[in-house]
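Here is the structure we will look at, set down as structure tokens.
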Protein chains: 2
Amino acid sequence: MTSTAGFDLDEFLPYRLAVAAQRVSAAFRAVYGPRHGLSVAEWRVMAHLANAGPVSVREVFARVAMDKPKVSRAASRLELAGLIEKRADPGDRRLVALSLTERGRAVMTDLVPLARAFEAGLLARLTPEERAALDAVLTKLVEAGEETGGEGAASDAL
Amino acid sequence: MTSTAGFDLDEFLPYRLAVAAQRVSAAFRAVYGPRHGLSVAEWRVMAHLANAGPVSVREVFARVAMDKPKVSRAASRLELAGLIEKRADPGDRRLVALSLTERGRAVMTDLVPLARAFEAGLLARLTPEERAALDAVLTKLVEAGEETGGEGAASDAL
DNA sequence: CTCATATCGTTGCAAATGAAATGACGTCAA
DNA sequence: TTGACGTCATTTCATTTGCAACGATATGAG
């Protein structure tokens with residue numbers, strides 16, 4: 001009879017969003033994980049490198065919504081696996097320039113079409129209106145989260 | 001020149017969804033966390049109990065998208081904090097009946113309005129069309145994730 | 001009744017995680 | 001040039017996580 005009654009977690013937006021993201025992420029991991037043994041963090045680093053070329057750890061972690069140690073460790077594993085290369089930046093030796101190796105590029109050549117197909121499979125379930133709305137909504141929710149205090153990651157400057 | 005070029009992670013749906021969920025979750029945690037020292041897992045258990053009354057661990061973990069040990073540990077912490085009560089089910093002594101204590105109910109009486117206000121604040125940013133679309137889209141994405149293999153949690157029966 | 005099998009919740013353990021500390025390097029004012 | 005301060009990446013440490021194993025209880029076949 002208090003206001004706690006009638007509160008259904010299943011209809012609570014933050015919860016629903018978290019579950020949807022978790023399910024989609026797990027489904028996608030089932031696509032790229034078994035194929036090349038990548039974790040989510042590793043996939044993100046690879047994806048960013050494939051698109052952006054040689055880039056520092058800072059550059060990656062600022063753009064990829066992961067904290068610094070996570071990017072650093074993912075990069076180390078990827079280097080060990082021979083998929084990326086770490087070399088000191090000639091201009092600023094604090095920086096580590098990350099880039100895909102030949103094998104890394106091959107992996108991404110294999111994976112990118114799968115990623116696109118996976119995304120297409122998701123979007124195919126939605127109407128055009130829903131697709132447009134989803135795009136707008138995700139942008140707005142991310143903004144809202146940032147403003148309200150949910151920095152998520154990327155906290156080196158405080 | 002290969003198909004890996006032009007793949008922008010920032011526009012990849014699974015990634016965008018994960019980031020949005022993470023940001024929203026962090027923002028919401030900033031609302032309920034400092035107030036009563038709850039983690040996400042603990043909040044979910046509390047929310048479910050507030051709505052559903054005495055319930056077994058199995059019941060909770062099946063409905064709350066967390067694995068069994070996570071629910072178990074969250075329940076232990078909540079019991080230690082005096083917010084919930086664990087007692088053996090009289091009919092089946094394998095089961096543990098979880099229920100809110102008086103203090104637990106008080107916490108939820110405090111939190112549920114905050115949760116509703118937080119959600120309202122998010123929804124206020126969306127147009128009515130976007131709200132409707134979001135609802136449909138989240139449902140579809142969860143279904144898609146389940147079908148494609150992303151079970152997320154709830155894996156005791158396989 | 002008895003034994004095999006299934007279910008429930010907890011616990012062990014290895015791996016992942018995040019915050020803060022560390023070490024290496026750059027930059028800027030004096 | 002020197003020295004204080006800021007930045008970059010890694011590492012350290014305590015905590016959290018997820019999976020598998022475990023003990024306890026329940027159920028059903030013979």
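Letters A, B, ... are given to chains in the order of the sequence lines, protein chains preceding strands, and every chain is numbered from 1.
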- Hey, does the side chain of A/K140 reach the backbone of B/R125 with a donor-acceptor pair shorter than 3.5 angstrom? yes

- Message: With a 3.5 Å distance limit and no angle check, can you tell me whether A/E42 reaches the backbone of A/S39 through a side-chain donor-acceptor pair?
- Response: yes

Length of the [atom1]-[atom2] vector between [X] and [N], whole Å:
{"X": "B/M66", "N": "D/dC19", "atom1": "CE", "atom2": "C1'", "answer": "17 Å"}
{"X": "B/K68", "N": "D/dA21", "atom1": "NZ", "atom2": "P", "answer": "13 Å"}
{"X": "B/R29", "N": "D/dT16", "atom1": "CZ", "atom2": "P", "answer": "13 Å"}
{"X": "B/L95", "N": "C/dT10", "atom1": "CG", "atom2": "P", "answer": "11 Å"}
{"X": "A/F61", "N": "C/dG18", "atom1": "CZ", "atom2": "C1'", "answer": "13 Å"}
{"X": "B/D67", "N": "D/dA20", "atom1": "CG", "atom2": "P", "answer": "11 Å"}
{"X": "A/E42", "N": "C/dA16", "atom1": "CD", "atom2": "C1'", "answer": "11 Å"}
{"X": "B/R77", "N": "D/dT15", "atom1": "CZ", "atom2": "C1'", "answer": "10 Å"}

- Message: Under a 3.5 Å threshold, yes or no: a donor from one side chain and an acceptor from the other, between B/K86 and B/S99?
- Response: no

- Is any side-chain nitrogen or oxygen of B/R58 closer than 4.0 Å to OP1 or OP2 of C/dC8? yes

Residue [X], side-chain atoms from C-beta onward, closest of [options]:
{"X": "A/R94", "options": "D/dT17, C/dA19, C/dG26", "answer": "C/dG26"}
{"X": "B/K70", "options": "D/dT17, C/dT11, D/dT10", "answer": "D/dT17"}
{"X": "A/S72", "options": "D/dT11, C/dC25, D/dT25", "answer": "D/dT11"}

- Note on the structure: Heavy-atom nearest nucleotide on DNA chain C taken for A/P69 and for B/V96; more 5' hit belongs to B/V96

- Task: Report which part of the nucleic acid A/S39 touches: base, sugar-phosphate, or nothing (heavy-atom distance under 4.0 Å, all strands).
- Result: nothing

- Query: How is B/S56 classified with respect to the nucleic acid when contacts are heavy atoms under 4.0 Å: base, sugar-phosphate, or nothing?
  - Reply: sugar-phosphate

- Message: Should the side chain of A/R73 and the base of C/dG18 be counted as holding a donor-acceptor pair, with the cut-off at 3.5 Å?
- Response: yes

- Query: Any Lys/Arg nitrogen of A/E85 or A/R87 sitting under 4.0 Å from an Asp/Glu carboxylate oxygen of the other?
  - Reply: yes

- Could B/R23 and A/E146 be called an ion pair, given the rule that one side-chain N must be under 4.0 Å from one carboxylate O? yes

